[in-house]
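Reviewing the structure listed below.
Proteins come first, then strands; the chains are lettered A, B, ... in the order of their sequence lines, and each starts at number 1.
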Protein chains: 2
Amino acid sequence: MKISEVAELTGLSVSTIRFYEEFGLCPFIQRGADGKRRFSKTDADWLELLASLRATGMSMSEMRTFADLYASGDATIPKRKAALLAHRQSLAARQAELERCRTILDRKLQKYDEIMKDQK
Amino acid sequence: MKISEVAELTGLSVSTIRFYEEFGLCPFIQRGADGKRRFSKTDADWLELLASLRATGMSMSEMRTFADLYASGDATIPKRKAALLAHRQSLAARQAELERCRTILDRKLQKYDEIMKDQK
DNA sequence: CACTTGACCTAAAGTAGCTTCAGGTCGGTA
DNA sequence: TACCGACCTGAAGCTACTTTAGGTCAAGTG
């Protein structure tokens, strides 16, 4: 798979994928004889997971910790599971926070409606 | 109201509030004779709204546009309402995206469970 | 009464997470 | 053969803050 295809698939930009690789988030990417990156299905799945973690607020350094576990093989799966469970918790908190902000926006919209009604 | 109290109230840091003022996001902050910022209830409410907008992904430049409308008085309320409605749409999209990411995490957690079960 | 502490101030530098740019190498096509 | 588009690297630029350095002032303490 080419880098542009993985970008399409994951929603990450081509630059971001290269940036992640340089940062050590995807350790196993092979190169063809032409020097270009070749992504396996596994690589693509891994990047999709990284994209979800990033989109839900995991920091680069946490992601690197997670990637280091990934690079160390299946023995680290319990640790990876624990990390994902913890992150799921923080995601729930983030979702609750977004809901809270939504009610603030909605209240503000209501106030605007009242003001506009009064002025008529 | 002191800056530290507004920080407490809004969840913004003291530095962020100063940064927002310098950037022109809160035009009406008065200073005491001692040179310190004094926040009215209205100022605090405005910063709370800014905090919600920021937390839900509005950019600084969009926030400035919004703040400029705010500074121009009640005549701009219809425009402000339109801006908030548009932003509410993008918030909904963001929430949907978080849900999507959550299912990806959950699927991954399930896979981990299967692998760990197989190994026993 | 001197002294320290703590909240505030400004201006400037540092940071995270990307994106954009400059400059170069290929393989395919008109 | 000459150009196009996708890839490459390394470095600079950008956004939204945070941290640091250095200073003022009021209040509390020995």
Provide, to the nearest angstrom, the distance between the CZ atom belonging to B/R18 and the P atom belonging to C/dC8.
8 Å
Atom-pair distance (CZ on B/F19; C1' on C/dA13), nearest Å
14 Å
Closest to the 5' end of DNA chain C, once A/S61 and B/E5 are matched to their nearest nucleotides, is B/E5
Between which nucleotides of DNA chain D, read 5' to 3', does contact with chain A run, using atoms under 4.0 Å from its heavy atoms?
D/dC7 to D/dT9
Quick check on B/E8: does its CD atom have over 12 non-hydrogen neighbours (other residues, nucleotides or ligands) under 6.0 Å away?
no
For C/dA16, does OP1 or OP2 lie under 4.0 Å from any side-chain N or O of A/S59?
no
Between B/E99 and B/R102, does at least one N-O distance fall below 4.0 Å, as a salt bridge requires?
yes
State whether B/R38 places a side-chain N or O below 4.0 Å from either non-bridging phosphate oxygen (OP1 or OP2) of C/dC8.
no
Would B/R100 and B/E97 pass as an ion pair if we require N to O under 4.0 Å?
yes
Give a yes/no on whether any side-chain N or O of A/R64 is located under 4.0 angstrom from OP1 or OP2 of C/dA16.
no
Separation of C/dA11 atom P from B/E21 atom CD, nearest Å, is 12 Å
Side-chain heavy atoms under 4.5 angstrom apart, residues restricted to Ile, Leu, Val, Met, Phe, Trp, Tyr: same cluster for B/L84 and B/L69?
no
Does the distance from a Lys or Arg side-chain N to an Asp or Glu carboxylate O, for A/R38 and A/D43, drop under 4.0 Å?
no
5' priority, DNA chain D, between A/R37 and B/T16 [closest heavy atom]
A/R37
Would you mind reading off the distance between A/I3 atom CD1 and C/dT19 atom P, rounded to a whole angstrom?
12 Å
I'd like to know if B/D113 and B/K117 make a salt bridge, using a cut-off of under 4.0 Å between side-chain N and carboxylate O.
no
From CZ of B/F39 over to C1' of C/dC8, roughly how many Å is that when rounded to an integer?
11 Å
Figure out the NZ/P separation between A/K36 and C/dC26, and round it to whole Å.
10 Å
A/F23 has an atom CZ; how far is it from atom P of C/dT15, in whole Å?
13 Å
May I ask you to say whether B/D68 pairs ionically with B/R64, meaning some side-chain N is under 4.0 Å from a carboxylate O?
no
Phosphate oxygens OP1/OP2 of C/dA7: is one of them under 4.0 Å from a side-chain N or O of B/S4?
no
Between A/E22 and B/M63, name the one whose nearest nucleotide on DNA chain D is closer to the 5' end.
A/E22
What integer distance in Å separates B/R31:CZ from C/dC8:P?
12 Å
